[in-house]
**Student:** 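Here it is, the structure, as structure tokens.
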Amino acid sequence: AGFTVFEIGLQSTCKQAQTLMGRKTDLDRFVAGINHLKTWGILSTVDLIIGLPGDDLNSFSDSLRFVKENELDDDMQVFPLAVLPGTAFRQESDALGLRFQEKPPYTLIETPDFSPEEITLAIDWTESLFEMDNGRPAGSPQGLPRRPGADHHLRGGKNNHRRGGKTGRSPAVTSLPSGHHPGCNG
């Protein structure tokens with residue numbers, strides 16, 4: 001069929017977040033599948049979402065660690081949840097405590113477990129750990145805006161030819177918080 005790239009939505013390794021998304025991801029099979037694609041020369045773009053219901057900063061860092069430790073970071077996209085009209089998360093947003101932009105792109109601002117500052121910190125960690133850019137359009141100001149709820153779509157990875165240079169980033173992150181979120185993987 002001639003495919004050379006597949007985008008694969010891991011979204012989160014947190015079991016609680018997966019349940020709330022209506023997904024059940026076998027992480028061992030996920031890694032095996034990506035490694036199988038690699039043997040055939042197919043690049044896998046792995047997606048993670050910041051701020052999923054059921055996730056918090058610690059469980060998001062577990063997802064980052066999983067991607068890094070399993071060498072799934074050849075090509076990645078990481079972005080805050082978009083609470084889109086017509087989705088289950090939008091319909092349940094009040095019950096889930098989701099606060100988001102009222103106009104497109106409907107980017108998440110905060111959840112009961114993810115403050116605006118923690119969302120920004122998650123973006124900073126991701127940029128530094130995976131040397132990513134924010135996918136800004138050509139001619140836009142350099143660096144990420146530092147305001148809660150801003151539209152951050154990070155793109156990069158070890159083999160991503162679209163990756164930009166390091167600009168407007170926080171100091172390099174050398175480690176992530178240790179431990180696992182009890183509701184996620186315990």
Side-chain angles (χ1 to χ4, degrees), residues 7-27 30 46-70 72-73 76-130 132 134-136 143-156 168-171 173-186:
E7 185 173 328
I8 304 171
L10 176 59
Q11 318 309 26
S12 175
T13 60
C14 175
K15 290 184 191 303
Q16 184 178 356
Q18 289 177 13
T19 299
L20 290 170
M21 283 187 290
R23 292 178 175 220
K24 184 177 181 181
T25 303
D26 179 324
L27 297 176
F30 185 89
V46 175
D47 295 344
L48 291 177
I49 298 178
I50 300 169
L52 285 166
D55 246 343
D56 63 12
L57 188 59
N58 287 327
S59 61
F60 179 75
S61 73
D62 288 343
S63 295
L64 290 176
R65 188 177 299 105
F66 175 83
V67 167
K68 191 74 166 171
E69 289 174 356
N70 288 286
L72 306 177
D73 58 328
M76 292 182 62
Q77 294 187 103
V78 181
F79 42 87
L81 177 67
V83 188
L84 300 173
T87 64
F89 284 153
R90 179 65 165 259
Q91 293 165 357
E92 299 168 15
S93 61
D94 288 339
L96 293 169
L98 305 180
R99 193 164 71 88
F100 54 93
Q101 293 173 335
E102 294 295 323
K103 295 181 180 179
Y106 310 108
T107 303
L108 182 75
I109 296 170
E110 69 181 319
T111 74
D113 298 316
F114 235 121
S115 72
E117 294 77 21
E118 289 171 327
I119 291 170
T120 299
L121 185 56
I123 291 165
D124 288 346
W125 285 352
T126 303
E127 284 184 299
S128 182
L129 198 63
F130 297 107
M132 299 177 114
N134 73 334
R136 68 185 160 269
L144 288 173
R146 293 293 174 217
R147 58 183 170 82
D151 183 28
H152 301 296
H153 188 106
L154 302 175
R155 176 99 198 186
R169 301 216 173 105
S170 296
V173 174
T174 56
S175 65
L176 296 170
S178 60
H180 295 282
H181 186 283
C184 290
N185 302 313

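Values below: every heavy atom of this structure, side chains too, minus hydrogens, waters and symmetry copies.
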**Student:** Taking all atoms of both residues into account, what is the closest heavy-atom pair of Ser12 and Gln18, and its distance?
**Tutor:** O-NE2, 3.0 Å
**Student:** Minimum heavy-atom separation for Lys68 to Asp73, with atom names?
**Tutor:**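 Scanning both residues, the minimum pair turns out to be NZ-OD2, 3.5 Å.
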**Student:** Got more than 12 heavy atoms from elsewhere within 6.0 Å of CG, Asp94?
**Tutor:**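 At most 12 heavy atoms, drawn from other residues, nucleotides or ligands, come within 6.0 Å of this atom.
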**Student:** Measure the spacing between CH2 of Trp125 and OG of Ser61 and express it to the nearest 0.5 Å.
**Tutor:** 5.0 Å
**Student:** Nearest 0.5 Å please: distance from the CG atom of Leu52 over to the CG atom of Leu98.
**Tutor:**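 Result: 9.5 Å between the selected atoms.
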**Student:** Taking all non-hydrogen atoms of both residues into account, name the closest pair between Pro112 and Gly97 and its distance.
**Tutor:** CD-O, 3.2 Å
**Student:** Checking the side chain of Gln16 only, and the main-chain atoms of Asp55 only, is there a donor and an acceptor separated by less than 3.5 Å?
**Tutor:** no
**Student:** Once you round to the nearest 0.5 Å, how far does CZ of Phe66 lie from CG of Leu10?
**Tutor:**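 It comes to 6.0 Å.
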**Student:** Relative to the ring of Phe60, is the ring of Phe114 parallel (under 30°), tilted (30 to 60°) or perpendicular (over 60°)?
**Tutor:**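 Rings of Phe114 and Phe60: perpendicular, as their planes differ by over 60°.
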**Student:** List the atom of Cys14, the atom of Ser63, and the distance in Å for their closest heavy-atom pair.
**Tutor:**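 Heavy atoms of Cys14 and Ser63 come nearest at N-OG, 4.4 Å.
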**Student:** Does the side-chain contact (heavy atoms from CB on, under 4.5 Å) test come out yes or no for Val78 and Phe130, once each step is laid out?
**Tutor:** CA-CA 10 Å; Val78 181; Phe130 297 107; 5.8 Å; no
**Student:** Please report the C-alpha distance between Thr107 and Phe100 in whole Å, then the side-chain angles of each, then the deciding distance to 0.1 Å, and finally whether the side-chain contact (heavy atoms from CB on, under 4.5 Å) criterion is met.
**Tutor:** CA-CA 5 Å; Thr107 303; Phe100 54 93; over 6 Å; no
**Student:** How long is the gap from CD1 on Ile50 to CG on Leu121, to the nearest 0.5 Å?
**Tutor:** 10.0 Å
**Student:** Looking at Ile123 and Pro80, what are the two nearest heavy atoms and their distance?
**Tutor:**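 Closest approach of Ile123 to Pro80, heavy atoms only: CD1-CG, 4.3 Å.
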**Student:** CG/Asn70 to CZ/Phe30 distance, rounded to the nearest 0.5 angstrom?
**Tutor:**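 Reported to 0.5 Å precision, the distance equals 9.5 Å.
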**Student:** Between Glu7 (side chain only) and Asp47 (backbone N and O only), is there a donor and an acceptor less than 3.5 Å apart?
**Tutor:** no
**Student:** What heavy-atom pair brings Arg23 and Gly9 nearest, and what distance separates the two atoms?
**Tutor:** NH1-O, 2.8 Å
**Student:** Only one of Val83, Leu108, Thr111, Leu81 clears side chain to side chain contact (heavy atoms under 4.5 Å, CB included) with Pro53; which?
**Tutor:** Leu81
**Student:** With a 3.5 Å distance limit and no angle check, can you tell me whether Asp56 reaches the backbone of Asn58 through a side-chain donor-acceptor pair?
**Tutor:** yes
**Student:** Rounded to the nearest 0.5 Å, how far does OG1 of Thr87 lie from CD of Glu92?
**Tutor:**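 Reported value, rounded in 0.5 Å steps: 9.0 Å.
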